[in-house]
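Take a look at the structure set out below.
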Amino acid sequence: MLLPLPDGEFKAYLFDCDGTITDSMPAHHRAWLETLAEWGAEFPQDLFYSWGGRTVVDVITDLNRMQGLDMPIDVVAARREELFQAMLPTITAVPGVLEHIDASYGRVPFGVVSGSTRESVTASLTALDLMNRFEVLVCAEDYARPKPDPEGYLTGARLLGVAPENCLVFEDTDLGVAAAEAAGMAYIRVPAPWER
């Protein structure tokens, strides 16, 4: 199902990655569960999805605080990424978003703005043979203030040389939508897996 575009002439498309381009959120959750089980931590599905768009560092920090744990952030993050990358062969593209990428590639420039690391984003896009479609990647290590702050989306627009008001954002999370709105950009809300 092709997602309907808002009215307007857009000069660039900015995409979140996980849950927007890639149907990877179930795999991310499995990787979190397997990793956190090694530390006696829990991450229920409802909390996982409500925290969509947050950085790995923020997630581990808040789980430590909420569950009285002291998980080492670097170790847990690396293990979660290792497990996620092992699951990449199971990941597919989100159909309604892939149709827009296929239809508009070469007509408007594309960028990715993700709360995930560059390593994770690159691996996901490469697994789907989509890496060459994106002129710009703005990942967790490229900006100081994560979504809902607009910094990531404003950085993507600047790197593409397009004014924020001429960008269209594709997003699946509340934090991402808030970031797009704060950046003064139009957006499309990508349905969650159970809404498609």
Side-chain angles (χ1 to χ4, degrees), residues 3-6 8 10-29 32 43 45-62 84 91-101 104 108-122 124-125 128 130 133-160 162-196:
L3 299 170
L5 294 177
F10 301 105
K11 296 181 180 174
Y13 290 173
L14 296 172
F15 299 83
D16 174 54
C17 185
D18 295 299
T20 298
I21 299 170
T22 63
D23 192 4
S24 56
M25 294 305 279
H28 274 293
H29 190 228
W32 274 114
F43 199 5
Q45 184 172 319
D46 59 339
L47 182 60
F48 168 76
Y49 278 100
S50 73
W51 282 5
R54 300 187 72 199
T55 65
V56 170
V57 171
D58 284 351
V59 168
I60 298 167
T61 300
D62 281 351
F84 171 69
I91 291 174
T92 59
V94 174
V97 176
L98 182 61
E99 290 172 17
H100 279 296
I101 291 171
S104 299
V108 294
F110 295 161
V112 170
V113 178
S114 176
S116 293
T117 63
R118 182 170 299 275
E119 175 187 19
S120 184
V121 170
T122 300
S124 294
L125 294 177
L128 295 176
L130 292 173
R133 302 287 183 98
F134 300 94
E135 296 179 33
V136 167
L137 298 182
V138 180
C139 303
E141 55 270 61
D142 298 321
Y143 51 93
R145 296 177 305 278
K147 301 169 186 176
D149 192 278
E151 182 184 359
Y153 279 118
L154 292 173
T155 300
R158 180 177 49 77
L159 292 173
L160 288 174
V162 176
E165 62 269 20
N166 294 324
C167 294
L168 176 63
V169 170
F170 292 74
E171 257 292 352
D172 69 312
T173 67
D174 292 340
L175 291 176
V177 166
E181 288 179 323
M185 299 177 181
Y187 66 88
I188 292 175
R189 179 66 183 255
V190 177
W194 57 87
E195 297 172 333
R196 294 183 206 137

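Positions are given from 1 along the sequence.
Among the candidates L98, V112, V94, V190, the single residue satisfying the side chain to side chain contact (heavy atoms under 4.5 Å, CB included) test with I21 is V112.
Listed by chain and number, the residues in a side-chain hydrogen bond (donor to acceptor under 3.5 Å, both in side chains) with S24 are D18, T22 (sequence neighbours excluded). By the side-chain contact (heavy atoms from CB on, under 4.5 Å) test, A186 pairs with P6, F10, L168, sequence neighbours left out. Listed by chain and residue number, D58 satisfy the side-chain hydrogen bond (donor to acceptor under 3.5 Å, both in side chains) test with T55 (two or more places apart in sequence, or in another chain). By the side-chain contact (heavy atoms from CB on, under 4.5 Å) test, R118 is found to be paired with T122, L137, C139, E141, D142, residues two or more places apart in sequence or in another chain being considered. N166 is linked by a side-chain hydrogen bond (donor to acceptor under 3.5 Å, both in side chains) to nothing, counting only residues two or more places apart in sequence or in another chain.
For G152 against V138, the heavy-atom pair with the smallest separation is O-CG1, 3.9 Å. In terms of heavy-atom proximity, A12 sits nearest to L160 at CB-CD1, 3.9 Å. Scanning all heavy atoms of the two residues, the minimum distance from G19 to M25 falls at CA-CG, 3.7 Å. Considering all non-hydrogen atoms of both residues, D62 and R54 come closest at OD2-NH2, 2.5 Å. Scanning all heavy atoms of the two residues, the minimum distance from V162 to C167 falls at CG1-SG, 3.8 Å. Summarising the geometry of Y153 relative to A183, their closest heavy-atom pair is CB-CB, 4.2 Å, with the distance given to 0.1 Å.
For the pair Y143/D149, no side-chain contact is recorded, criterion being any heavy-atom separation below 4.5 Å from C-beta on. Under the 4.5 Å side-chain criterion, counting only non-hydrogen atoms from C-beta, F84 is in contact with I91. By the 4.5 Å heavy-atom criterion applied to side chains, K147 and V113 are counted as neighbours. Residues V56 and T117 are not in side-chain contact: their nearest non-hydrogen atoms beyond the backbone lie 4.5 Å or more apart.
A donor-acceptor pair is defined here as one N or O able to donate and one able to accept, closer than 3.5 Å; such a pair exists between the side chain of T20 and the backbone of D172.
If you take CD on E99 and OG on S104, they are separated by 11.5 Å, rounding to the nearest 0.5 Å.
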Exercise for the section: For side-chain contact (heavy atoms from CB on, under 4.5 Å), just list the numbers for H100 and L5, CA-CA rounded to whole Å, side-chain angles, deciding distance to a tenth of an Å, and then say yes or no. Expected result: CA-CA 9 Å; H100 279 296; L5 294 177; 3.5 Å; yes
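Between F48 and F43, the ring planes lie perpendicular to each other; the angle is over 60°, past the 30° to 60° tilted range. The aromatic rings of F15 and F170 lie parallel to each other, with less than 30° between the two planes, well short of the 60° mark.
For residues 173-192, no pair satisfies ring pair (Phe, Tyr, Trp, His ring centres under 6.0 Å), with sequence neighbours left out.
The pair D174-R189 meets the salt-bridge criterion, with a side-chain N (NZ, NE, NH1 or NH2) lying under 4.0 Å from an Asp/Glu carboxylate O.
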